[in-house]
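Per chain, numbering begins at 1; letters A, B, ... match sequence-line order. When reading the values below, keep in mind they use all heavy atoms of this one structure, side chains included, and skip hydrogens, waters and symmetry mates. Worth saying up front: this structure is predicted, and the values here are computed from it rather than measured.
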Amino acid sequence: MPVQKVNDSSDLDAKVPSHLQRTSITSLTMTSEPSHRCVKATVVHKGPVISCAQKDGIEMLRAEIKEEDPLQRTAEHTSINVIFFGTLAKDFSQSARQGDVVLLADFTIKKSPSFLRDKLHPCQLEMDGKDDFVYVCPSAGPSHGPSSSEAKYTYVPLNDLKPRTVVNVYGVVTFFKQPFPSKGSDYCSTLKITDQSDFKVGCNIFSKKLEDHPILFRVGDIIRLHRFKTDVFRDSMSLLNTFGWSTVTFDGTTDSPVVPRTSSKSFHFGESDIRTVQELRQWAANQSWISNDLKVSLSTVKPGMYFDLTCQLLAKAVMDSRCILLKVWDGTKCKHPLLNVAVASDALEGESTIVKDRMNLTANVLVYDNHLEMARELKPGTFLQFYNLHALLQRAPDQQPDQSEHLSFHLHGGTSYGRGLRSLPAESPALQSLKSVLEKHVDLDEYDEVNDGTLLEIWYTPPEAVVRTCEHNTRRLTLARVKRSTPPLSCHVRARVKKYKPQQLYQCLKLFCSNCKTMEDVPDDSAVAKVFRESAKDSQPCDEQWAATSSASSREPGRTISMHISRDMVGESTHMQLIFIEGTTLDEICVLSRDYKNLVPVRSVNSRMTLMDLTAPFLFSGDKRYYGCKQCSLNTFQNPVFTGVETWDEQAVAQALGVQLMQYRLLIQFELEDQTDTLEALLWENTERFFHVSAVDASGSQDLQDKIQTIMDTIQPPDSSLEERPWLDLCLSVYTVKDDDRNKVCYQITNTEIKEE
DNA sequence: GCTTAGGCTTGG
């Protein structure tokens, strides 16, 4: 179905078929049932139609939509990416514009591959146009808004202000300082505003509560002031908040949605406000003081400059009580070599920036004094706005005087020139261009090969916990890419362990029949002990022609313990290597197995020697117990042959008894994760090499089981956050198995070993 | 209670 247009937002609501239910973007999750849901939101960004090489050249378009309900403003994840495919992409590109309201239904909910970067929403919506349903309502015209009641407020143009009156005004912000502590009891915001009259008016706002201060991101933002007192100061009019005051601010970008920013839960906001904001935006766009304000990026910054920088925080470290280091990037490459402030990796919060450092993408910002309070709260990944940042050429401490100096950045103490920093919400229009630049780097780590030198830190991992042992030099892929690949395939990935199963590691020890491929858990001692108890009950020692028998009474009356040795072996050097034992408990045979090499527990059925139920081991050998496969073991015990064997081991015993020996194996299921996706991979055929532990040895050794636990604790430290877990360089095998006549794609970790010190 | 600031570069 092509994109449909309606003229009024309320018509959109009428288009919602009765079987569909409106859902808020905030509440969408990967497990949401999408088929009966629809969302209504404003287009805040519309990308170009691009042809996707990875999907056979299909055309696609990315748009970002935002929930329009202002009451949702403080909720997280009110914006989400929508990917349109095929003709729907072209259709949407022609029919919808930024600011339009859209109604979408029958979309697919996918995990957002860009969430770690854009922080928008953990999910994204995908629409391929088959049964999907897209309505667009153009933003032109007073079509929507929370309230259309008549204006209760009158706004005084800035050239009409009279001294000592209380007024409401609208203005475009030409200068501002983030709130700072005054010498009195309050925080103070200082700003200057102007309007179409071109009068400039200073304004001070005092409030103890930081959240009551206007939310200003940059010059050009629009502010509405209610109940401000006018006065004359140094021959100019000025404004001061007075009882009952409030402020609301708006982004100044023309054509972006008019979204009020305020901490106030109830405020008046109507269509006339939208009109006023749009008029001020239009007017300001043509004013030289704003249109000449070219944006400085790391690629255009010059040494000595004071400038505003929009960027993303990568990592941070406390230097001392008056200084915090923020490592940031804006996706552009600096023309001057950037100073790298070395910090111990354990003092750094956030990911290593080493690959971005190498590409001259990381700016080291030293934040001083009064700005620490703000900097301390910041989390890596946050989008940041610096005001009046100082670019300085500086020599690193270990640099020779003849080497070129490096560019560093200082956010000096004080608030002059509006100096400061603040975090920007992910959906801020001011971030659109930054995000699209960062997005280009995502493409690099999504699609490029390993060794092309343009890799992001996703590929970098100190310290190495594992090493690959494979000879092949196949491509390293992201997990998202692995999932899109067609098996069979070998590839390399860089990932961290999100989870693994079984959490009780002794359960990773399995019994595997190489004949019928059955795999089962190792029976626990209580089940085995029960088989022994039942076999020993009321039994008379068996009497076999081929065996020499000696018996002894047990401590329990009526229970006899018998030992049988093959007469064939008597006189041979091997005669004490294989002993059949009858009437013991599990504990007793365990004690005896310390002194005898191979003990086969047996029971008597009508005086004939018979193997025990194969739930129990058929052989005890030192610390080890060997099991037989219930399906594949032949019953050839009636006439056993014990000649011609030099050394009895579990293989020889199994063969003589007609038992199909089960092998010990180790099986662990990992949930791997990288920046693009998660994937479940088995450690199965390669487990022994991975841990440098043999499964059969581990079966009889607590030390070896502890070793496996210790290794697992290094690659997935208990209670660690994802950031604290090491990246693992893994070789993966992608293959298919038949599962109920359907091909299922499986992933196994191969050719990878733990690195031992 | 009714000041505070009223832009105007750190100096690491």
Among B:dG6, B:dA5, B:dC8, the one nearest A:Tyr417 by side-chain distance: B:dC8
Spacing between A:Leu411 atom CG and B:dT9 atom C1', to the nearest angstrom: 11 Å
Worked verdict on A:Phe217 versus A:Arg261 for side-chain contact (heavy atoms from CB on, under 4.5 Å): CA-CA 11 Å; A:Phe217 297 138; A:Arg261 303 194 289 241; 3.1 Å; yes
Sugar-phosphate, base or nothing in reach of A:Asp320, heavy atoms under 4.0 Å: nothing
Pairwise distance CD1(A:Ile80) to CD1(A:Ile65) - rounded to 0.5 angstrom: 7.0 Å
For A:Thr332, the option from A:Leu298, A:Asn360, A:Leu361 that meets side chain to side chain contact (heavy atoms under 4.5 Å, CB included): A:Leu298
Interatomic distance, A:Asp369 CG vs B:dG11 C1' [rounded to whole Å]: 11 Å
Face-to-face stacking of A:Tyr368 with B:dT10, centres under 5.5 angstrom, angle under 30°: no
Separation of the C1' atoms in B:dT10 and B:dG6, to the nearest angstrom: 23 Å
Between B:dG11 (C1') and A:Leu389 (CG): distance, integer Å: 16 Å
Side chain of A:Arg234 (C-beta onward), nearest among B:dG12, B:dG7, B:dT4: B:dG7
Interatomic distance, A:Leu240 atom CG to A:Arg227 atom CZ [nearest 0.5 angstrom]: 13.0 Å
A:Arg322, nearest nucleotide to its side chain (from B:dG11, B:dA5, B:dG7): B:dG11
Aromatic contact, A:Phe176 with A:Tyr387 (centres under 6.0 Å): yes
Sugar-phosphate only, base, or nothing, as touched by A:Ser416 at under 4.0 Å among non-hydrogen atoms: sugar-phosphate
Phosphate OP1/OP2 of B:dG6: any A:Lys177 side-chain N/O under 4.0 Å: yes
From A:Gln312 atom CD to A:Leu326 atom CG, the distance as rounded to the nearest 0.5 Å: 13.0 Å
Distance in angstrom units between A:Asp186 CG and B:dT3 P, rounded: 11 Å
Atom-pair distance (NZ on A:Lys183; P on B:dC2), nearest Å: 21 Å
Touch class at under 4.0 angstrom, heavy-atom based, for A:Lys208 against every strand present: base
From B:dT9, B:dG11, B:dG6, nucleotide with atom closest to A:Ser238 side chain: B:dG6
Between B:dT4 (P) and A:Leu210 (CG): distance, integer Å: 20 Å
d(CE, A:Met237; C1', B:dG7) in whole Å: 19 Å
Nucleotide nearest A:Ser185 (side chain, heavy atoms from C-beta), chosen from B:dG1, B:dG6, B:dT10: B:dG1
Donor/acceptor link under 3.5 angstrom from A:His412 side chain onto base of B:dG12: yes
Sugar-phosphate, base or nothing in reach of A:Gly413, heavy atoms under 4.0 Å: base
For atom CG of A:Leu216 and atom C1' of B:dG7, their distance in whole Å: 14 Å
